[in-house]
Participant: 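Supplied in structure tokens, the structure appears directly below.
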Amino acid sequence: MERDRVRSPESRWAWVEVDLAALRRNTAAFRRLIGRGTQMMCVVKADAYGHGAVACAKTMRAAGADQFAVATVAEGVALREAGIEWPILILSEPPVDCVRTLVEHDLMPSVYTADFALALGEAAASAGRVARYHLALDTGMTRIGVRRGDVVELRRTIDFHRGLECAGTFTHFATADVPDDWDFALQLNRFRESVEALRGAGLETGLVHCDNTPGTVMHPECRFDMCRVGIGLYGLHPADVTRVRLELEPVMSVRGRVTRAVYPSVGDGVGYGLTWRVPKQNIQVATVPIGYADGLARELSNNMDVLVDGCRCRQVGNICMDQFMFAVDVNSARSYRPSRPVEYGDVVTLIGSDGDERITADEMARLRNTINYEVVCDFGMRLEKIYT
Ligand SMILES: *Cc1c(COP(=O)(O)O)cnc(C)c1O
């Protein structure tokens, strides 16, 4: 835990710790699982799921990443400007105005319309280059991609262009985390058929890929030429079914420090709306400078714990935009009663370990009725990141 680190004079008492050694071990674990014959594309969209894309991509590269994937052109440009030289795929077809930027920074878009593909080809040709792209297929998720049935025709419409090269063909599963799922099998069949149809028509497919994290872990039979691994690299499981197959270490911890601790009177209210009132004497209420603008969802108000000194304490009152409060009751009947009052500057853990206690992104996701993906993305928004 970064208790005593000297930070910049603008630092808040609030930060995300990113354990790059854990990230390296997780990446290496996927590298071993996937095996030598198959490439590993590491997904670093949304600033590496809130963990910081540049530092994460460098660590992943050193641990065996072959390629990277991002969601937006801006995310791809940021990686290039930070000196990441490996192939980068944009996981959807960006607006057509982006084609020159894509060519300039050697970013591969996903392609599924002829208009976009031809504009990309023109931009590449006029720069004296060839633009590499991946053909996206909609096999059943109804999000992005060419609809099956139109796949060969699209390629026939665009393939004449000498500014274009198909470097990959992929699809995305809606239910790769559901064991023995009929819809998954259906998507996989449709994908196989489309790839066969392209090959049958004499069209180059480039790298064929479809597995995300749960697919990579649960479905070794459909890794094809490359796996696209995201959430697992950050030490989080997409579903309980992958938990028993592979051991991973969480990469992100979220901590702050107590900026104020007082003993209010019995009956005093806490926070906007005074939704929590001090029920008895000798309850301490402490403030931490982390709020919903930092990713601590307001719906967790009065319904989450934090760790101090290895003990759980209840968060109380409505979570504010930039701060929240928690109660400390050293006389509590709860088994995890804190051993001492908190003091100004004490470290408070929202996600991560403190002593023998731990709060996971999964615990917070359950309380928010969402998935761990959203919890870590949210904490990536504004908090300073400290790489350990
Ligand atoms: C986000 C994403 C992935 C990675 O998914 P995880 O479940 O995080 O492994 C892979 N492929 C596509 C197309 C995605 O959008």
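Order of appearance sets the numbers: ligands from 1, and atoms from 1 within every ligand. Just so you know, these numbers come straight off a predicted model, no measurement behind them.
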Participant: What do we get for I231 next to ligand 1 when only non-hydrogen atoms under 4.0 Å count, side chain, backbone, both or neither?
Facilitator: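 Both the backbone and the side chain of I231 come within reach of ligand 1.
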Participant: Considering heavy atoms of the protein only, find what lies nearest to atom 7 (O) of ligand 1 and give residue, atom and distance to 0.1 Å.
Facilitator: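 Here the closest protein heavy atom is Y373 OH, 2.6 Å.
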Participant: Does atom CZ of R61 have more than 12 heavy-atom neighbours from other groups under 6.0 Å away?
Facilitator: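 Yes - once you tally the heavy atoms of other residues, nucleotides and ligands closer than 6.0 Å, there are more than 12.
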Participant: With sequence neighbours left out, what residues match T38 under side chain to side chain contact (heavy atoms under 4.5 Å, CB included)?
Facilitator: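 I34, R223, C227.
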Participant: Would the number of heavy atoms belonging to other residues, nucleotides or ligands and lying under 6.0 Å from OH of Y272 be above 12?
Facilitator: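 Counting neighbours around OH of Y272, 12 or fewer heavy atoms of other residues, nucleotides or ligands fall under 6.0 Å, so no.
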Participant: At the 4.0 Å heavy-atom cut-off, does R143 count as touching ligand 1?
Facilitator: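 Yes.
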Participant: Do T171 and Q187 pair up side chain to side chain, a donor and an acceptor below 3.5 Å, judged on atom types alone?
Facilitator: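 T171 vs Q187: no donor-acceptor pair found between side chains.
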Participant: Does any N or O of ligand 1 fall below 3.5 Å from an N or O anywhere on G230, backbone included?
Facilitator: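 G230 vs ligand 1: N/O contact under 3.5 Å present.
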Participant: Out of K45, H237, H209, who gets a non-hydrogen atom closest to atom 14 (C) of ligand 1?
Facilitator: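 Result: the heavy atom closest to atom 14 (C) of ligand 1 is in K45.
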Participant: Is it the side chain (CB and beyond), the backbone, both or neither of H134 that lies under 4.0 Å from ligand 1, heavy atoms counted?
Facilitator: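 Under 4.0 Å from ligand 1, H134 contributes no heavy atoms.
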Participant: Using a 4.0 Å cut-off to any heavy atom of Y49, which atoms of ligand 1 qualify?
Facilitator: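 Within the 4.0 Å cut-off of Y49, ligand 1 contributes 1 (C), 4 (C), 5 (O), 6 (P), 8 (O).
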Participant: Identify, by atom number and element, the atoms of ligand 1 in contact range of N212, meaning under 4.0 Å from any of its heavy atoms.
Facilitator: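 Those qualifying, in numeric order: 5 (O), 9 (O), 10 (C).
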Participant: Quick one: look up the protein heavy atom nearest atom 11 (N) of ligand 1 and list residue, atom name and how far away it is.
Facilitator: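 Of every protein heavy atom, R228 NE, 2.8 Å lies nearest to atom 11 (N) of ligand 1.
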Participant: Considering only the protein, which heavy-atom contact is closest to atom 9 (O) of ligand 1, and what is its distance?
Facilitator: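 Here the closest protein heavy atom is T213 OG1, 2.5 Å.
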Participant: Do other residues, nucleotides or ligands put more than 12 heavy atoms under 6.0 Å from the CD atom of E221?
Facilitator: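 Counting other residues, nucleotides and ligands, CD of E221 exceeds 12 neighbours.
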Participant: Are the ring centres of H219 and F184 closer than 6.0 Å?
Facilitator: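 Yes.
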Participant: Does either side chain, that of T175 or that of D181, offer a donor lying less than 3.5 Å from an acceptor on the other one?
Facilitator: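 Yes.
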